[in-house]
Colleague: 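I have a structure I would like to understand better, so I am pasting it below and will then ask my questions one at a time.
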Amino acid sequence: MKKHEIYLTCLSEECAEVAHRVSKALRFGLNEIEPEQNYSNAERIAKEINDLFVVVDLLESANLIPNLRTSESKAAKITKLADSFRYSKELKCFEDA
């Protein structure tokens with residue numbers, strides 16, 4: 001396996017781990033701590049996101065992907081999410097709470 005394939009495999013695995021932790025939080029709550037664990041689902045999500053960022057940084061440092069995390073791209077995503085929330089509320093699919 002080549003270096004870029006290892007990094008991409010790690011990226012895929014980290015994305016799956018974030019999704020897994022989010023699923024647990026949706027089912028059991030952000031504050032739930034699984035038996036025999038020391039951290040809440042919120043803390044475990046944060047850890048997995050940090051792991052994901054490390055792999056993204058490695059990919060960027062190796063020039064395998066461009067760094068597109070700019071203030072402008074973040075602002076655009078925030079606007080897109082706000083529009084999505086607004087539309088969800090119009091459809092009665094989303095409620096504040």
Side-chain angles (χ1 to χ4, degrees):
M1 195 175 254
K2 296 177 181 167
K3 187 176 184 177
H4 77 279
E5 293 170 327
I6 292 170
Y7 283 167
L8 291 173
T9 299
C10 290
L11 179 65
S12 176
E13 289 171 355
E14 293 304 338
C15 288
E17 289 172 12
V18 170
H20 180 242
R21 281 290 112 213
V22 169
S23 292
K24 292 286 187 174
L26 286 168
R27 287 176 38 209
F28 304 112
L30 285 166
N31 295 321
E32 185 258 351
I33 299 173
E34 285 185 34
E36 301 183 29
Q37 292 294 324
N38 297 320
Y39 301 101
S40 69
N41 287 325
E43 292 167 321
R44 293 175 78 184
I45 289 169
K47 181 204 170 299
E48 294 301 344
I49 290 171
N50 184 64
D51 292 351
L52 174 62
F53 287 164
V54 169
V55 175
V56 169
D57 288 343
L58 287 170
L59 285 161
E60 289 170 348
S61 295
N63 293 315
L64 295 170
I65 63 170
N67 181 343
L68 300 177
R69 291 177 284 163
T70 64
S71 297
E72 296 81 21
S73 68
K74 290 176 184 178
K77 183 60 175 180
I78 289 168
T79 299
K80 188 174 181 179
L81 283 171
D83 291 344
S84 176
F85 281 130
R86 194 171 19 264
Y87 183 59
S88 260
K89 282 176 123 175
E90 287 174 19
L91 296 175
K92 308 274 191 252
C93 299
F94 170 79
E95 58 188 58
D96 292 318

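These figures come from a predicted structure and were not determined experimentally.
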Colleague: Stepwise, does the side chain to side chain contact (heavy atoms under 4.5 Å, CB included) test hold for Leu8 with Met1?
Modeller: CA-CA 11 Å; Leu8 291 173; Met1 195 175 254; over 6 Å; no
Colleague: Who pairs with Lys47 by side-chain hydrogen bond (donor to acceptor under 3.5 Å, both in side chains), at least two apart in sequence or on another chain?
Modeller: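 side-chain hydrogen bond (donor to acceptor under 3.5 Å, both in side chains) check on Lys47 returns Asp51.
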Colleague: Could you see if Tyr39 belongs to whatever hydrophobic cluster contains Val22? Use Ile, Leu, Val, Met, Phe, Trp, Tyr and a side-chain cutoff under 4.5 Å.
Modeller: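 No; Val22 is not reachable from Tyr39 via cluster members.
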Colleague: Tell me, do Arg27 and Asn41 make a side-chain contact under 4.5 Å, heavy atoms counted?
Modeller: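 Not touching, per the 4.5 Å side-chain cut-off.
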Colleague: Indicate yes or no: does Glu17 engage Lys24 in a salt bridge with an N to O separation below 4.0 Å.
Modeller: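 So Glu17 does not pair with Lys24 through a salt bridge.
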Colleague: Output yes when a side-chain donor or acceptor of Ser84 lies under 3.5 Å from a complementary backbone atom of Lys80, and no otherwise.
Modeller: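 Not confirmed, Ser84 side chain does not pair with Lys80 backbone.
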Colleague: Mind checking what makes side-chain hydrogen bond (donor to acceptor under 3.5 Å, both in side chains) contact with Glu13, not counting sequence neighbours?
Modeller: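 side-chain hydrogen bond (donor to acceptor under 3.5 Å, both in side chains) list for Glu13, sorted by chain: empty.
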Colleague: Does Phe53 have any ring-ring contact (aromatic ring centres under 6.0 Å, His included) partners at least two apart in sequence or in another chain, and if so, which?
Modeller: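 Result, ring-ring contact (aromatic ring centres under 6.0 Å, His included) vs Phe53: none returned.
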Colleague: Flag the pair Arg86 / Asp83 as yes when at least one side-chain heavy-atom distance between them is below 4.5 Å, and no otherwise.
Modeller: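 Side-chain contact under 4.5 Å: yes.
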Colleague: Keeping Glu32 on the side-chain end and Gly29 on the backbone end, is there a donor-acceptor pair under 3.5 Å?
Modeller: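 No; judged by distance alone, with no hydrogens or angles, the pair does not exist.
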Colleague: Could you please spell out the steps behind the side chain to side chain contact (heavy atoms under 4.5 Å, CB included) verdict for Glu48 and His20?
Modeller: CA-CA 10 Å; Glu48 294 301 344; His20 180 242; over 6 Å; no
Colleague: Leu64 and Leu52: same hydrophobic cluster, using ILVMFWY side-chain contacts below 4.5 Å?
Modeller: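 Yes.
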Colleague: Kindly work out whether a path of hydrophobic side-chain contacts (I/L/V/M/F/W/Y, heavy atoms less than 4.5 Å apart) joins Ile49 to Leu26.
Modeller: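 Per the 4.5 Å side-chain linkage, Ile49 and Leu26 are co-clustered.
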Colleague: Heavy-atom distance under 4.5 Å between the side chains of Leu58 and Leu11, does that happen here?
Modeller: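 Leu58 vs Leu11: side chains apart.
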